[in-house]
Amino acid sequence: MAERGGRPVAFRGGGFSPRPLGIVGPLVFIAVIALWEAGCRTGLIPPLVLPAPSEALAALAHLVETGLLWKHLGASLQRLLVGWTLGTLLGIAVGFSIGLFSLARAGLAPVVAAIFPIPKIALLPLFVVWFGIGEGSKVATILFGTFFPTVVATYGGVDNVDRNLIRMGQSFGLSWLSIVRKIILPGALPAILPGFRISAAIAIVLLVAAEMIGAEFGVGAYILLAGSLMALDELLAGVAILSVMGLTVNWLIARLERFLLRWRT
Amino acid sequence: MELRLAGLHHGYGDIEVLRGIDLEIPAGRIVCIVGPSGCGKSTLLRLIGGLERPERGEVVQTGEPPPGCLNPLTYIFQDFALLPWRTVEGNVRLVLEDHGFGRAETAGIVDGVLARTRLSEFRAAFPRQLSGGMKQRVAIARALAVSPAFLLMDEPLSALDAQTRELLLDDLVDLWARERFSGVYVTHNLREAVRLGHRVVLLSRRPGTVREILEIDLPLDARAGHAPELEAHRSRLWQLLRDEAHAADVELVDG
């Protein structure tokens, strides 16, 4: 053997796999808010264009002090919960029937495809006529908004259940109901749960829109009122509440996913 | 209980897959079905167990399944077909739940089959935690739980690596020695066929017909010591299969 020299082979693998960096997210938040506050304090950002975060915070504190926060939040959460729950339950039921029965698929899938892309906000006046200016139209808007994405996610999930598992169930003589409950439902869950995230986000968007008509209380009503009075600090406080609501819902769904899908890696 | 296939004929669309299959499947013995790829072996197995309806001909069951048999024709699949969201124990329990057993009775059956397949200590594991060979053993435990009259095995070792295959083959031989089950074993692996089959049925390429039936009289548990004899059977089968396999190989899949 002549020489033991040579170059090491250069490493060129790695990358393309995001690592969790837990503190970066909060740091960006803090940095942006700090910059914004500094900009307002130094007069770089005129208060008419954008109020300082501390002013929005003060508006929020005022909401808490007067107890109005709970009134607004309570009204909003109730609409959200009722509308989203009903929309999701109905959506799962219809999604399952489209996934399981040929007749339902042939009859309902085109209808769903036709109505899904319509912005439900556009239908709000119609809902007001149908369900009244009170809670009915608001809940209905959220219900319709969450129903369609849930239907699509559910029947997509049912379609994607491993046919071999269904075949296995049949080969062991499992009843139809057992196959649906023990094989198809858990098999479709990995597609249904991410659908929850989308429908929850849509529900929050529609909540604000629905509260813009004939609502005394509600985060949307608060934002709308603040906007029409050009009370930008209150408007920002309201938007922050919505953002926190979205984060909370997301966190809850993530917990649910981790619990229900713990059999996955 | 025995099975008789009479004039089975099947196809998908214009493609004829099986033509005129007549076959007796006796009790207490293992019938291996071999043939070139795409010859309809797996289709034949699905017809036997009633997972597909033949175009012509019929599968007839003669005699009654033994008492206590919950699912006379029970499959073991190539891809294991375990529910990933159920543990080992839960996967076995799945096939008992529709039979209305009490809690204690179910637990008794589950404990029994897990012990027989040496899986007792893995009962709480999820399928993703198990190796391929272990997964197939869970599937075997699940099949045993319903006390089948016939085990219908669709290339059960084909998804496994060579070493695991060898181990599991020994397991199946042991299992047969203990339980004397009746089985239909579909494989493309001739070595497996001569190790496990009391009778080896060779199918021709598509459309599949019975080309040859080979009886191997050696008892299963004594075969390990008769390697030359098995090798002779294997190479004779390979001679017969070789040209068919080659012709099948160069065929276009969709005809």
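Residue numbers begin at 1 in each chain, while the letters A, B, ... track the order of the sequences. Small disclaimer: the values here were computed from a predicted structure and weren't measured.
Residues of residues 176-189 of chain A lying under 4.5 angstrom from chain B, judged on non-hydrogen atoms, are Ser178(A), Lys182(A), Ile183(A), Pro186(A), Gly187(A) in numerical order. Within residues 81-94 of chain A, no residue has any heavy atom under 4.5 Å from a heavy atom of chain B. Near-neighbour residues of residues 156-171 of chain A relative to chain B, defined by a heavy atom under 4.5 Å from a heavy atom of that chain, comprise Asn164(A), Leu165(A), Arg167(A), Met168(A), Gln170(A), Ser171(A).
Looking at Arg46(B), the atoms closer than 4.5 Å to chain A (heavy atoms on both sides) all sit in the side chain, from C-beta outward. If you measure heavy-atom distances from Leu70(B) to chain A, you find no contacts under 4.5 Å at all. Contacts of Phe126(B) with chain A are made by side-chain atoms alone, with heavy-atom separations under 4.5 Å and no backbone atom involved. Heavy atoms closer than 4.5 Å to chain A are found nowhere in Leu152(B), neither backbone nor side chain. Looking at Val95(B), both its backbone and its side chain come within 4.5 Å of chain A, counting heavy atoms on both sides.
Atom CZ of Arg128(B) is surrounded by more than 12 heavy atoms from other residues, nucleotides or ligands within 6.0 Å. Within a 6.0 Å sphere centred on CZ of Arg255(A), other residues, nucleotides and ligands contribute 12 heavy atoms or fewer. The number of heavy atoms from other shown groups lying within 6.0 Å of CG (Leu103(A)) does not exceed 12. Counting non-hydrogen atoms of neighbouring residues, nucleotides and ligands closer than 6.0 angstrom, the CG atom of Leu247(A) exceeds 12 such neighbours.
Separating the CG atom in Asp98(B) from the CZ atom in Phe172(A) is a distance of 12.0 Å, to the nearest 0.5 Å.
Each of Thr74(B), Asp79(B), Thr87(B) has some count of heavy-atom pairs under 4.5 Å with chain A, and the biggest count is that of Asp79(B).
With sequence neighbours left out, the side chain to side chain contact (heavy atoms under 4.5 Å, CB included) criterion links Thr106(B) to Arg93(B), Leu96(B), Phe101(B), Val110(B).
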